[in-house]
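Please read the structure below before turning to the comments.
Chain naming here is simple, since letters A, B, ... match the order of the sequence lines and numbering starts at 1 in each. Nothing here was measured: the structure is a model prediction, and the numbers come from that model.
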Amino acid sequence: MMIEEKSLNFLEEIIEEDLKSGKYTSIHTRFPPEPNGYLHIGHAKSICLNFGLADKYGGKTNLRFDDTNPVTEETEYVDSIKADLHWLGFDWEEERYASDYFSQLYDFAVRLIKKGLAYVDDSSADEIAANKGTPTEAGTESPCRNRSVEENLSLFAEMRAGKFQDGEKVLRAKIDLTSPNMHMRDPIMYRIRHAHHHRTGDEWCIYPMYDFAHGQSDSIETITHSICTLEFEVHRPLYNWYIEQLDIFPSHQYEFARLNMTYTVMSKRKLLQLVNENFVDGWDDPRMPTLSGMRRRGYRPVAIRNFCDRIGVQRRENIIDVGLLEFCVREDLNQIALRRMAVLDPIKLVVTNYPEDKIEIVAGENNPEAPGQGGFREIPFSRELWIEAEDYMEVAAKKWFRLAPGNKVRLKNAYIVECTGSKKDASGKVTEVHCTYIEGTRSGQDNSGLSVKGTIHWISVAHAIPAEVRLYDRLFQVENPSIEEGDFKEYINPDSLQILHNAWVEPSLQTALPEDHYQFIRKGYFSLDAYKSADGKLVFNRTVTLKDAWAKEAKKK
RNA sequence: UGCCCGAUAGUAUAAUGGUAGUACAUCAGAUUUUGGUUCUGACUGUCUAGGUUCGAAUCCUGGUCGGGCAACCA
């Protein structure tokens, strides 16, 4: 037998080389979210990478909150991030915070000042920006650049002591104002922020910048492979510079291309706008690409992890077809979802030759993908049934296998019926469909020899349970809202949420729970919403549709 | 007009100097008490021009195109 060798991605190659050469005996990664928003599917890619790599090579992964900007960060986000991580199925080695290292980072800064590699600058933000030059022109030195070590030391101590207002002074690294890399032009290390921090409270009024915190935090945790997205590539020389000048554990930064997906946006800034401006109903709105949104919509973690596995990892910009995610979700749910019948847009079907007071209990297989294991549930059948309005046509189209006068169809798990016509109101609208059932065709006991092309789902009117059903479509009308002209919000799909108030579901759904996953036969995968509806009805969210060959056929015209 | 990075079917992703393969999507067919699932088949690709080599998607050079970099954000 041939053994398929799975090829390595570029990070796995680096790690295998590092392990083989003896550079490291084990690896240590970290997932470093900033607690200023909820995790989305793009983070899932990073999470699966960091935890997956450590898992594959027997290493460890820390969770580290990058909380160096007290103005935007909140405990609510910390909690949601931890919950989402656990939901996805990952456990971290240690829970750390960049803020754990504030005093160590302060000491690092003092060390650089003493080496003559950092100085306190009195320039305003505007002045610093102006003096930074442009990519094609060198920057110019601040008058403060050549302060003495002693003066810098005492000014920095005074910054920390709260002697200055926000923006009055900053601490900058003294590197090279002529560097072609803008990040090396005396980057800011510390700024003054008299702000309350979600963990350190009011202990500090100076906070380190990302560049002065991230690499050192990696180093403190002896992270061997610090994986981040491509936009940090130009930060790498600075990352290395701090580590070298401080002579601390040499963590290494590697960059990969972030995930983009069609018909959505993936920046926390944009997602926050959608939330704040009420285009969606919170971070966990089922239309959001957030993990909490996907959870509420009915995606299972395993589907998301399979997806992350399939998309791979590279250094080139990409935009993944959201269809691939949906494929992964269907692939998973098809295996485990319990089959149920639900009529979303009902019309009455009367079986005119069936006795008025008769009720039969038929059996419905819970899951044909698990033959013999899923078991059956009981479904009441009677003379009046709800069926899907779209399953009836007055005049049958070409290749129409459903109800139309003269057509025969199978009522799933029950009888074959022949359509005999319909009842209409004064305006000509169909109010009732009529049919006769054929004796001897009951499922499991069919000795008629008849075969029909179509099978439709139904619910006994007398036994139906009312429900609200929410259908979700893509949030945006264009593949890549971020590259379109104007505000991305102009491209929001106005029909991304459709609420059906008059749906009926079968009795066994009365006891549904939000963590259950159902396939409403012929309609898609659904799960109970995490929140109750205003009128006490069951609320079902459509997780994803089924593939629909008829919709394609119909579209051909 | 500076620096850094990238370019393989529609979208992703392999091939690590030696037959361009896989998945999703698309199309066609088979099976089916879900127009689902499953199965079979088809379609479509190495940005460009040179060079090195017996041989280049792969190495070198030029070009083109795309992305990133001038926050007291991360």
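The base of U1(B) has none of its N or O atoms less than 3.5 Å from a complementary donor or acceptor on the side chain of Thr136(A). Judged by atom type and distance alone, His235(A) reaches the base of A74(B) through a side-chain donor-acceptor pair under 3.5 Å. Glu233(A) contributes no side-chain N or O that forms a donor-acceptor pair with the base of G67(B) under 3.5 Å. The base of U34(B) has none of its N or O atoms less than 3.5 Å from a complementary donor or acceptor on the side chain of Arg522(A).
Across all strands, Ala129(A) comes closer than 4.0 Å only to sugar-phosphate atoms, never to a base (heavy-atom distances). Among the protein residues, Pro32(A) comes within range of no part of the nucleic acid, since none of its heavy atoms lies under 4.0 Å from any strand. Across all strands, Lys453(A) comes closer than 4.0 Å to no nucleic acid atom at all (heavy-atom distances). Nucleic acid contact for Asn413(A): base, since at least one base atom lies under 4.0 Å from a heavy atom of the residue. Counting non-hydrogen atoms under 4.0 angstrom, Phe232(A) reaches a base of the nucleic acid. Using a 4.0 Å heavy-atom distance criterion, Ile319(A) is classed as a sugar-phosphate-only contact. Contact annotation for Glu317(A): backbone-only contact, meaning every heavy-atom pair under 4.0 Å involves sugar-phosphate atoms and none involves a base. Gly37(A) comes within 4.0 angstrom of nothing in the nucleic acid, heavy atoms only. Asn181(A) comes within contact range of no nucleotide atom at all, as no heavy-atom separation falls under 4.0 Å.
Below 30°, between 30° and 60°, or above 60°: for His235(A) and His183(A) the angle between ring planes is between 30° and 60°, a tilted geometry. The aromatic rings of Trp504(A) and Trp386(A) sit parallel, their planes meeting at an angle under 30°, below the 60° perpendicular limit.
Separating the C1' atom of C47(B) from that of A57(B) is a span of 12 Å, rounded to the nearest Å. Taking atom C1' on both nucleotides, A12(B) is separated from C73(B) by 31 Å, rounded to a whole Å. Look at the P atom in both G35(B) and U19(B): the space between them is 46 Å, to the nearest Å. Straight-line distance between the C1' atoms of G17(B) and G10(B): roughly 30 Å, to the nearest whole Å. Going from the C1' atom of A15(B) to that of A20(B) covers 7 Å, rounded to whole Å.
Under a cutoff of 6.0 Å and an axis angle of 45°, Lys270(A) and Phe488(A) form a cation-pi pair. Note that Arg160(A) lies in the cation-pi zone of Tyr106(A), set by a 6.0 Å cut-off to the ring centre and a 45° limit from the axis. A cation-pi arrangement is found for Arg199(A) relative to Tyr97(A), the charged atom lying closer than 6.0 Å to the ring centre and inside a 45° cone about the ring normal.
Among Phe256(A), Tyr239(A), Tyr210(A), the single residue meeting the ring pair (Phe, Tyr, Trp, His ring centres under 6.0 Å) criterion with Phe232(A) is Tyr210(A).
Across all strands shown, U1(B) has no partner, as no Watson-Crick or G-U wobble contact with both distances under 3.5 Å is found. Pairing of A28(B), defined by two Watson-Crick or G-U wobble distances under 3.5 Å, is identified with U40(B). Under the Watson-Crick or G-U wobble criterion, with both distances below 3.5 Å, A23(B) is paired with U11(B). When both pairing distances are held under 3.5 Å, C59(B) makes a Watson-Crick or G-U pair with G51(B).
Residue Arg402(A) places no side-chain N or O under 4.0 Å from the OP1 or OP2 atom of U33(B). A close approach under 4.0 Å does occur between a side-chain nitrogen or oxygen of Arg316(A) and OP1 or OP2 of U13(B). For A7(B), neither phosphate oxygen OP1 nor OP2 lies less than 4.0 angstrom from any side-chain nitrogen or oxygen of Gln314(A). Residue Thr262(A) places none of its side-chain N or O atoms closer than 4.0 Å to OP1 or OP2 of U11(B). Contact annotation: Arg236(A) side-chain N/O to C5(B) OP1/OP2 distance is not under 4.0 Å.
Distance CD (Glu137(A)) to P (C3(B)): 15 Å, rounded to an integer number of Å.
Panel note: side chain Lys453(A), backbone Arg402(A); no donor-acceptor pair is recorded below 3.5 Å.
Comparing Trp400(A) and Pro180(A) by the nucleotide of RNA chain B whose heavy atom lies nearest to each, the residue mapping closer to the 5' end is Pro180(A).
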Write out a two-atom table: protein N or O, nucleotide N or O from nucleotides 24-31 of chain B, distance below 3.5 Å.
unit_1, atom_1, unit_2, atom_2, d
U26(B), OP1, Lys552(A), NZ, 3.0
U26(B), OP2, Lys552(A), NZ, 3.4
A28(B), OP1, Lys556(A), NZ, 3.4

